[in-house]
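As structure tokens, the structure follows; a few thoughts come after it.
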Amino acid sequence: MKRRFIGALLIPFALLATACGGKSADAHTSTMLDVGDQTGGDRAMLEASGELKGLPYKINWSTFASGPLLLEALNAKAIDLGWTGNTPPVFAASSGSKITIVGAMHSSVAGTAILVPHDSPLKSVQDLKGKKIAVMQGTTGHDLLLAALKRAGMSIHDVKVTYLQSAEAKTAFKRGDVDAWAAADPTTTQALDGDHARVLVSGQGLVNGLTFDIASPSALADKGKSAAMKDYLQRLQRAREWVYQHPQQWAKVWAKDTGVPYKVALDSVQRTAGTTVRVAVDKAAIASEQKIADEFADLKLLHHQFNFATFVDTRFNAGLPPSTTPPHAF
């Protein structure tokens with residue numbers, strides 16, 4: 001399992017990332033912030049909310065297929081900053097990647113779920129014993145799978161785990177090659193709205209609902225880039241609030257950016273994306289991530305145990321609410 005995960009990380013991220021031209025209102029600035037994003041992510045949200053206007057620095061965007069690949073780019077200093085879910089940083093830190101968590105968001109976990117086909121006879125987590133489950137290794141869905149099994153008095157060894165990339169998992173699920181699929185939004189909403197899946201168990205009470213902004217340590221050490229990051233994260237905070245206040249408008253933008261139907265986009269916004277609240281990377285957040293790291297390490301899915309706090313920089317916490325602040329609700 002370790003070898004497969006490492007192999008996924010070592011896929012040349014240049015093949016999965018596309019660099020885009022930077023935007024700036026000040027053509028004379030010398031600071032360039034290289035930002036990693038995922039489709040329908042921060043760039044689209046900042047543009048839609050108007051938060052990219054009047055930047056005192058330039059942004060060079062790169063789009064990645066997944067959080068683990070974005071973190072590989074950070075480790076290689078190909079980008080300065082990016083975001084992922086709660087579990088990719090754990091795997092990256094364990095492998096010795098040079099990354100630093102600098103920001104956090106708390107969202108509803110209703111969109112994180114173990115899905116089964118609509119007509120599946122499976123009714124509970126206990127019914128998964130001996131069944132084949134698709135999941136992308138090192139993701140929030142992976143975290144949910146471990147937590148759900150543990151609460152049911154089971155372990156990862158009681159099921160047959162098939163590690164697949166998101167698109168592969170979707171295909172395997174629709175073909176019936178797997179019995180269940182552990183995933184997160186927007187994938188979950190797409191499957192549910194497609195009327196071919198139902199939720200066996202959601203992430204409520206099982207996963208922490210955190211996502212993180214992660215920086216390259218070398219970029220943080222640069223005064224110009226560090227100042228740009230501070231401004232950028234503040235813009236993200238305002239953009240997140242704009243999304244909550246304008247869910248229909250954001251859903252239209254998000255649908256166009258990702259190619260999904262508007263209804264699916266709106267459902268996903270109201271289930272997950274629009275609920276996001278920007279929070280501090282505080283002791284509670286660190287402790288929650290440490291718990292995830294320890295559980296994966298106990299199952300020998302990580303290289304080794306480590307102290308998650310050593311990968312955190314709290315310099316941008318000022319003025320932010322605690323990480324336990326409830327997400328927005330619609």
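This structure is a prediction, so every number in the text was calculated from the model and none was measured. Values below: all heavy atoms of this structure, side chains included; hydrogens, waters and symmetry mates excluded. Throughout, residue positions are numbered sequentially from 1 according to the sequence presented.
We find the CG-NE2 distance between D119 and H196 to be 11.5 Å, quoted to the nearest 0.5 Å. Residue K223 holds its NZ atom at 12.5 Å from OG1 of T31, rounded to the nearest 0.5 Å. Between the OG atom of S216 and the CG atom of L81 there is a distance of 9.5 Å, given to the nearest 0.5 Å. Residue I156 holds its CD1 atom at 15.5 Å from NZ of K300, rounded to the nearest 0.5 Å. Interatomic distance, OG of S62 versus CG of L69, reported as 12.5 Å (0.5 Å rounding). To the nearest 0.5 Å, the span separating CG on L149 from CG on L206 amounts to 10.0 Å.
Shown here are the side-chain hydrogen bond (donor to acceptor under 3.5 Å, both in side chains) partners of T188, two or more places apart in sequence or in another chain: there are none. For Q126, the side-chain hydrogen bond (donor to acceptor under 3.5 Å, both in side chains) criterion is met by S124, not counting sequence neighbours.
Ring to ring, Y232 and Y57 are not that close: their centroids are 6.0 angstrom or more apart. Note: W242 and H246 meet the aromatic proximity criterion, with ring centroids under 6.0 Å apart.
Side-chain contact between I101 and D213 is absent, with no heavy atoms from C-beta onward closer than 4.5 Å. Side-chain contact between D34 and W61: absent, with no pair of heavy atoms (C-beta onward) separated by less than 4.5 Å. Residues S108 and Q204 are in side-chain contact: their nearest non-hydrogen atoms beyond the backbone lie under 4.5 Å apart. The shortest distance between side-chain heavy atoms of L128 and I133 falls below 4.5 Å. Using a 4.5 Å heavy-atom cutoff, the side chains of V102 and V281 are not in contact. In this structure the side chain of V161 never reaches within 4.5 angstrom of the side chain of Q137, judged on heavy atoms. Using a 4.5 Å heavy-atom threshold, the side chains of L220 and K225 count as separate. Counting only heavy atoms from C-beta outward, the side chains of R278 and L236 approach each other to under 4.5 Å.
A salt bridge does not link D127 with K131: every distance from a Lys NZ or Arg NE/NH1/NH2 to an Asp or Glu carboxylate oxygen is 4.0 Å or more. At a threshold of 4.0 Å, the pair D42-R240 counts as salt-bridged, since one of the basic side-chain nitrogens sits closer than that to a carboxylate oxygen.
Looking only at atom types and distance, the side chain of D193 has no donor-acceptor partner in the side chain of T189 under 3.5 Å away. Side-chain polar atoms of N317 and D282 form no donor-acceptor pair below 3.5 angstrom. No hydrogens or angles considered: a donor-acceptor pair under 3.5 Å links the side chains of E289 and N208. No hydrogens or angles considered: a donor-acceptor pair under 3.5 Å links the side chains of T140 and N86. With 3.5 Å as the limit, one finds no donor-acceptor pair spanning the side chains of R235 and S49.
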- Take S226 and R315 through the side chain to side chain contact (heavy atoms under 4.5 Å, CB included) test and state the conclusion after the steps. CA-CA 10 Å; S226 179; R315 73 177 70 181; 3.0 Å; yes

- Message: Under the criterion side chain to side chain contact (heavy atoms under 4.5 Å, CB included), I'd like the reasoning laid out for H328 against E241: C-alpha separation, chi angles, the key distance, then a yes or no.
- Response: CA-CA 9 Å; H328 290 308; E241 289 302 312; 3.0 Å; yes

- Message: Pair L71, F64 - check side chain to side chain contact (heavy atoms under 4.5 Å, CB included), show working.
- Response: CA-CA 10 Å; L71 292 179; F64 294 84; over 6 Å; no

- So L301 and E295, side chain to side chain contact (heavy atoms under 4.5 Å, CB included) or not? Walk me through it. CA-CA 9 Å; L301 295 175; E295 289 174 348; over 6 Å; no

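Between the side chain of D37 and the backbone N or O of T63, no donor-acceptor pair lies under 3.5 Å. A side-chain donor-acceptor contact under 3.5 Å links H106 to the backbone of T325. Judged by distance alone, with hydrogens and angles left aside, the side-chain atoms of T139 form no donor-acceptor pair with the main-chain N or O of V135 at under 3.5 Å. The backbone N or O of K291 lies less than 3.5 Å from no partner atom in the side chain of D294, so there is not a single donor-acceptor pair. D80 contributes no side-chain N or O that, together with a main-chain N or O of V35, makes up a donor-acceptor pair within less than 3.5 Å. In this structure, the side chain of R198 engages the main chain of S120 through a donor-acceptor pair within 3.5 Å.
The two residues S202 and A110 have their closest heavy-atom pair at CB-O, 4.3 Å. Nearest approach of S107 to P327, heavy atoms of both residues: C-CG, 3.5 Å. Smallest separation of non-hydrogen atoms from T276 and A273: OG1-O, 3.2 Å. Here the shortest heavy-atom pairing between S323 and A285 reads OG-N, 3.3 Å. Heavy atoms only, all atoms of each residue included: V243 and G274 are closest at CG1-CA, 3.9 Å. Of all heavy-atom pairs between A284 and T324, the closest is CB-CG2, 4.1 Å.
Screening D185, T112, D267 against T272 for a side-chain hydrogen bond (donor to acceptor under 3.5 Å, both in side chains) leaves a single residue, D185. Between M105 and the choices T275, T211, V279, V277, the side chain to side chain contact (heavy atoms under 4.5 Å, CB included) rule is met once, by T211.
Neither M136 nor Y163 shares a network with the other; the hydrophobic side chains, linked directly or stepwise wherever heavy atoms of I, L, V, M, F, W or Y lie under 4.5 Å apart, form separate groups for each. I292 and V312 fall within the same hydrophobic cluster, defined by Ile, Leu, Val, Met, Phe, Trp and Tyr side-chain heavy atoms under 4.5 Å apart, directly or through other members. Residues L33 and M45 share a hydrophobic cluster, clusters being chains of Ile/Leu/Val/Met/Phe/Trp/Tyr side chains in contact below 4.5 Å. No chain of hydrophobic side-chain contacts below 4.5 Å, direct or via other Ile, Leu, Val, Met, Phe, Trp or Tyr residues, connects W254 to Y244. No chain of hydrophobic side-chain contacts below 4.5 Å, direct or via other Ile, Leu, Val, Met, Phe, Trp or Tyr residues, connects I99 to W83.
Classified by interplanar angle (parallel below 30°, tilted 30° to 60°, perpendicular above 60°), the ring pair F173/W181 is tilted. Ring geometry, F91 versus F296: the interplanar angle exceeds 60°, so the pair is classed perpendicular (tilted spans 30 to 60°). Ring-plane geometry between F306 and F308 is classed as tilted, the angle between the planes lying from 30 to 60 degrees on a 0 to 90 degree scale.
Alongside L266, the hydrophobic cluster contains Y262 (criterion: ILVMFWY side chains under 4.5 Å).
By the neighbour-count criterion of 12 heavy atoms within 6.0 Å, atom CZ of R151 is sparsely surrounded, having that number or fewer from other residues, nucleotides or ligands.
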